[in-house]
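We number each residue from 1, following the sequence as shown. First listed ligand is number 1; within each ligand, the first listed atom is number 1.
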Amino acid sequence: MIKILTILGARPQFIKAGSVSREIAKFNEIEEVIVHTGQHYDPNMSDVFFEQMKIPKPHYFLGIGGKSHGAMTGQMIEKIEEVALKEKPDWIMVYGDTNSTLAGAIVSSKLHIKLAHIEAGLRSFNVKMPEEINRILTDRVSTILFCPTQTAIENLKHEGFENFDCKIIKSGDVMEDGAIFYKELAHQPQCRTEENFILCTIHRAENTDNVDRLTNIFASLREIAEETQVILPLHPRTKKILEKYGLKTEGLSIIDPVGYLEMVWLIDHCSLVMTDSGGLQKEAYFFEKPCITLRDETEWVELVECGGNLLAGAEQEKISNAYRDHKTVDKNIFRSNLYGRGRASETIIKELLNYS
Ligand code: UD1
Ligand code: UDP
């Protein structure tokens, strides 16, 4: 019998965990105990994903959200440690690069519990991003690093991980498992959509916490919206900052964050994705849509290399050029197998069962 303590806290982690939990449920010899840190807490940032992904209800809800990074991470470490001491899991499982990920990793290292990191090895090489630090530190204390891409494996090799006491596995990307599975269940959200529309999300700290970048991005979006509808499900973080600075959003179709089944419908039916999200860049590729990434760098470099992802940063001229160029992206580039074609969860669970 293997007992896994899964640490979840933020929206993309709920989506990734959906596919892995479905796989775990196939095995009687694995017990999963789920901890929700509370990092995301609005119903449309949290509950809706547990319902739609059919993730078992969290066994522990820590209620630690809306705090500074230090307070949030520190309190999560304290509470996850209490749970881990009580549950005595064989593994702690963490996803991605959020503060909840780092907190789970620190607890595993203090208590000498094996750590499985899903989405390991990614790097933006921008150490000002909180996510970059979370990734590097989590990877360093992981027992098994489940890498979504070959680039992630190469990043780890460059950092000397082959000399460390850990196992590096190329698992593919659990988000592709989800995209394939949930596509069949997707449905239109309750919002007006024109025949041609752009799907946009903005929430990364590097954009929301820099008023110049955010002002430029929204100016570009307003200009583009004169030609094509821009649907923007608004992250609560971005909403607060837009209100604080009174930034203009006229002409944009702003809606509340949507559940994943609605989101998959929007990705599947849009003509272009514009985003600073990590997950959405890949989903654009899965659904054969060009993507303009509103960041200066991306961890998903293979998307840029294949030509489907246009890295535009936050300058108006670059964004306009990318908008012009997306119209000539060749659809054939989306046919390559970059992320494992939906077998990642199966690979991960098999590996955990065989680990000795
Ligand atoms: C976090 C992750 C980011 C990930 C994102 C996914 C870190 C450092 N960042 O960013 O990598 O891309 O989740 O969405 O972990 N808020 C609400 N309700 C919620 C959630 C957030 O109002 O349900 C507001 C709060 O004011 C909060 C702010 O948004 O302080 C930021 O939330 P936080 O969890 O700190 O970071 P995210 O920007 O969501
Ligand atoms: N997403 C969603 N509803 C929304 C916005 C995003 O379901 O209103 C999904 C999106 O499709 C992707 C995931 O949330 O699967 C990505 O989360 P986010 O952009 O918050 O985080 P990141 O991937 O940047 O860490």
Side-chain angles (χ1 to χ4, degrees), residues 7-19 36-49 52-53 63-73 76 94-104 119 122 124 128-135 137-138 148 173-179 182-183 186 189 191 199-209 231-241 243-244 254-268 270 273 275-287 289 291 293-295 298-300:
I7 313 297
L8 305 177
R11 174 168 68 189
Q13 294 170 324
F14 308 139
I15 295 168
K16 292 165 197 166
S19 300
H36 183 336
T37 63
Q39 178 168 349
H40 286 178
Y41 46 88
D42 288 349
N44 58 9
M45 296 292 290
S46 172
D47 304 5
V48 65
F49 297 102
Q52 292 188 341
M53 302 6 272
I64 304 161
K67 297 185 171 22
S68 70
H69 282 208
M72 191 195 291
T73 315
M76 285 177 192
V94 293
Y95 293 85
D97 52 21
T98 73
N99 293 334
S100 302
T101 314
L102 177 64
E119 233 182 40
L122 298 172
S124 65
K128 288 197 179 132
M129 288 175 71
E131 292 85 1
E132 182 75 351
I133 302 303
N134 292 343
R135 289 178 198 125
L137 299 181
T138 301
D173 194 317
V174 290
M175 288 210 100
E176 186 158 18
D177 303 17
Y182 296 110
K183 185 177 173 178
C191 71
L199 174 63
C200 177
T201 72
I202 313 282
H203 75 283
R204 285 299 176 109
E206 69 223 71
N207 288 327
T208 58
D209 294 3
I231 298 183
L232 201 169
L234 196 61
H235 191 292
R237 171 188 201 118
T238 318
K239 184 172 188 215
K240 283 179 195 167
I241 303 220
E243 282 165 4
K244 184 171 163 195
I254 293 195
I255 58 175
D256 286 334
V258 293
Y260 194 56
L261 303 182
E262 292 83 359
M263 194 63 181
V264 168
W265 188 92
L266 289 170
I267 304 166
D268 200 18
C270 74
V273 169
T275 192
D276 59 6
S277 161
L280 203 42
Q281 290 176 56
K282 284 174 291 168
E283 287 161 339
Y285 172 85
F286 300 147
F287 289 89
K289 302 297 159 79
C291 178
T293 297
L294 302 164
R295 290 181 45 195
T298 177
E299 303 76 41
W300 308 104

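The closest heavy-atom contact to atom 4 (C) of ligand 1, among the options R237, M129, K240, H203, comes from H203. Counting heavy atoms only, T98 comes closest to atom 2 (C) of ligand 1 of the residues D97, I15, T98.
The contact set between ligand 1 and M72, taken as ligand atoms under 4.0 Å from a residue heavy atom, comprises 35 (O). Atoms of ligand 1 found under 4.0 Å from any heavy atom of R204 (numbered from 1 in listed order, with element): 12 (O). Set against the non-hydrogen atoms of G278, the atoms of ligand 2 under 4.0 Å away are 22 (P), 23 (O), 24 (O). Heavy-atom proximity to M175, at under 4.0 Å, picks out these atoms of ligand 2: 15 (O). Atoms of ligand 2 found under 4.0 Å from any heavy atom of S277, numbered from 1 in the order shown, are 16 (C), 18 (P), 19 (O), 22 (P), 23 (O), 24 (O). Ligand 2 places these atoms under 4.0 Å from at least one heavy atom of P257: 8 (O).
Look at G66 and you'll find a heavy atom under 4.0 Å from some atom of ligand 1.
Here's the thing with N134: none of its N/O atoms is less than 3.5 angstrom from an N/O atom of ligand 1. Residue N99 has at least one N or O atom closer than 3.5 Å to an N or O atom of ligand 1. By the 3.5 Å distance cut-off applied to N or O atoms, D42 is counted among the residues near ligand 1. Ligand 2 has no N or O atom lying under 3.5 Å from any N or O atom of H235, backbone or side chain.
F14 and H36 have tilted rings, their planes meeting at an angle from 30° to 60° on a 0 to 90° scale.
The neighbour count for K239 NZ, taken as heavy atoms of other residues, nucleotides or ligands under 6.0 Å away, does not exceed 12.
Contacts between H40 and ligand 1 below 4.0 angstrom, taking non-hydrogen atoms only, involve backbone and side chain alike.
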